[in-house]
Amino acid sequence: MLECVPLLDPSCRHKVKCCFSFQMLSTPVRVRFAPSPTGYLHIGGLRTALYCYLFARRTGGRFILRIEDTDQSRLVEDAEEDIVASLKWAGFSVDESPEQGGPHAPYRQSQRGALYRAHASTLIDRGHAYYAFDSPESIRLLREHGQAYDAAHRMQMQNSLVLPRHNVEARLANGDAYTVRLHVPEDTTICFEDCIKGTVKIPSNSLNDQVLVKSDGMPTYHLANVVDDHLMGISHVIRGDEWLPSTPKHVLLYRALGWQIPVMAHLPLILSPSGGKLSKRSAQRLGIPVDVRDYRTAGYEPEALLNFLALLGWNPGTDKEVFSLAELEETFSLQRVGTSPGLFDLEKLKWLNGQHLSRMQPSEVLQRARPALEAAGIAPDEAYATEVIRLVKNRMHRASDLAELFSYFFADPITYDAAGIRKRWKPDSPSLVLRYADRLARLAPFDETSLEAELRTLAKTAGVGGGRLIHPVRLAVSGTTAGPGLFAMLATLGRDSVIRRLQAAAQALA
RNA sequence: GCCGCGUUCGUCUAGGGGUCUAGGACGCCGGCCUUUCACGCCGGUAACACGGGUUCAAAUCCCGUACGCGGUACCA
């Protein structure tokens with residue numbers, strides 16, 4: 001058995017159990033987020049980025065963005081742009097990236113081809129990789145027979161392991177298409193320490209001879225990621241659990257190249273509420289946005305989304321649930337990342353979004369609500385809008401509520417809630433509401449206290465309970481039965497607006 | 001199929017041999033506050049997948065089973 005790779009550091013959940021030499025990590029912390037621009041940034045990708053970012057910030061390390069665009073056929077033109085924009089929206093500061101550069105530029109794998117080819121030939125020279133000339137057709141056939149390109153079958157194939165040397169050279173000189181494959185050792189066990197999962201052991205015979213360099217000359221993820229992580233001095237590889245099964249291949253590459261293996265940390269996956277993978281289709285059916293940009297348009301605040309994502313797989317070990325990004329940066333640790341996958345719970349996100357909103361300054365909430373207000377054609381006065389927000393902040397779940405649920409603060413209601421009318425609008429309502437309007441014309445000061453006193457007096461005079469007036473007035477003024485305290489609302493709306501609305505309702509609902 | 005990882009209330013989770021008659025949060029259900037609706041507060045509902053061990057003692061350790069998820073590409 002290949003001995004276990006001992007490198008682990010104290011920041012990990014699992015301490016070394018089976019390894020003989022414990023090596024404290026003394027190199028500086030450098031963490032990369034390495035998405036592939038084959039689509040817009042996914043919610044799961046954002047969580048990986050978040051954990052990478054938090055770990056880097058918490059440890060005083062560097063957070064690096066690397067674009068893994070080695071699959072030319074699946075490239076999406078504006079994906080990289082979206083990834084960068086999404087990280088920016090999230091509020092992450094990136095230390096090195098394709099845009100800003102850095103000491104290990106370039107940060108786009110498509111621009112690092114020479115590096116991969118050089119290391120591929122080193123691997124070949126050392127006998128850890130080989131040339132393969134098999135046609136796609138023969139590989140398809142192999143798989144159809146339920147076989148893999150592995151130790152048990154590679155000698156039946158067309159590669160430099162079986163072909164005479166002169167034949168291989170001739171093919172290469174001739175420009176024949178070829179791939180470079182990893183020569184996986186037979187009958188051994190590959191073992192490594194995962195920071196979150198602990199010791200992982202895999203029989204080498206269950207691995208195939210992974211393609212390292214594709215016939216188009218591009219490296220596969222496996223080669224590129226190992227070469228780049230080493231060359232870029234990455235200390236901790238923090239990525240999704242879907243990579244755990246291929247990590248043994250990476251371990252083999254590190255050893256073959258004589259490199260130290262970074263600390264490996266595989267994060268549990270995010271699952272759809274229905275149980276399966278949070279795929280685009282399954283998520284959309286459940287009303288869950290998948291791409292980060294969709295959260296933005298759905299009106300979720302980045303702080304809330306990040307808070308939610310942080311808690312999905314990590315916990316602070318205290319009862320605190322609401323965190324700002326800065327607080328997460330202070331609190332996060334890899335030790336407290338869990339091992340089991342979590343289901344996405346949209347309800348909790350909504351709650352968190354409301355929590356963050358209600359903790360913001362009114363002026364900040366206004367900034368967040370701006371796009372929705374604009375979309376609704378509302379161009380409010382700053383001071384007035386801030387006043388409104390002060391009033392309704394606690395009952396907002398999204399910033400866009402201001403333009404929707406509370407649009408009546410910015411325009412007279414044009415419809416009245418039907419159920420509300422049935423329940424609250426009585427035959428005497430029009431006259432009562434009109435009488436109140438009359439009294440309001442002379443009311444001074446036009447504030448919460450006197451507004452209430454005036455209403456109570458009128459109710460008494462008319463020989464009815466306060467509710468007989470309160471509810472119709474609310475309905476008349478806002479068109480709905482829900483909202484902030486009536487008198488504060490009237491005071492904010494202002495005399496002219498209130499009187500106008502009362503009169504309009506009395507007429508419309510006569 | 002094979003390989004790997006996982007399994008505590010519906011969901012996110014705490015817990016790591018005795019303090020667990022299992023704690024917190026979301027949701028849900030009551031109540032208080034409020035002649036509205038929220039917020040807030042108080043209370044309630046609800047979980048250690050199953051079977052074997054080990055131990056004086058197991059949610060916690062070990063083995064098996066089941067289930068879930070991931071991987072098994074010239075995709076990442």
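Note that this is a predicted model, so its numbers are computed, not measured. Labels below follow one simple rule: chain letters A, B, ... track the order of the sequence lines, proteins then strands, and each chain is numbered from 1.
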Report the distance from atom [atom1] of [X] to atom [atom2] of [Y], rounding to the nearest 0.5 Å.
X: A/L212; Y: A/I124; atom1: CG; atom2: CD1; result: 8.5 Å
X: A/I64; Y: A/S97; atom1: CD1; atom2: OG; result: 10.0 Å
X: A/M396; Y: A/L402; atom1: CE; atom2: CG; result: 5.0 Å

Six-ring centre of A/Y178, A/R171 cation under 6.0 angstrom, axis tolerance 45°:
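Judged by the rule (NZ or CZ under 6.0 Å from the ring centre, within 45° of its axis), A/R171 is not positioned above A/Y178.
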Distance to the ring centre below 6.0 angstrom and angle to the axis at most 45 degrees; does that hold for A/R336 and A/F332?
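Output no; distance or angle outside limits.
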Please measure how far the [atom1] atom in [N] lies from the corresponding atom in [M], and state the result in whole Å.
N: B/G6; M: B/U13; atom1: P; result: 14 Å
N: B/C12; M: B/U55; atom1: P; result: 36 Å
N: B/C28; M: B/U34; atom1: P; result: 24 Å
N: B/A58; M: B/C67; atom1: C1'; result: 23 Å
N: B/G53; M: B/U60; atom1: P; result: 15 Å
N: B/A14; M: B/U8; atom1: P; result: 10 Å
N: B/C63; M: B/C56; atom1: C1'; result: 22 Å
N: B/C9; M: B/U65; atom1: C1'; result: 24 Å

Presence of A/N394 side-chain N/O under 4.0 Å of B/A38 phosphate oxygens OP1/OP2
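Indeed not, no polar side-chain atom of A/N394 lies that close.
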Proximity of A/W425 and A/Y416 rings by center, below 6.0 Å:
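Not under 6.0 Å, so no.
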What's [X] touching, base or sugar-phosphate or nothing? Going by heavy atoms closer than 4.0 Å.
X: A/L312; answer: sugar-phosphate
X: A/G485; answer: base
X: A/G313; answer: sugar-phosphate
X: A/R456; answer: base
X: A/P484; answer: base
X: A/E452; answer: nothing

Per-nucleotide protein contact string for nucleotides 70-76 of chain B, where B marks a base within reach and S marks sugar-phosphate only (heavy atoms under 4.0 Å, - for neither):
BSSSBBB
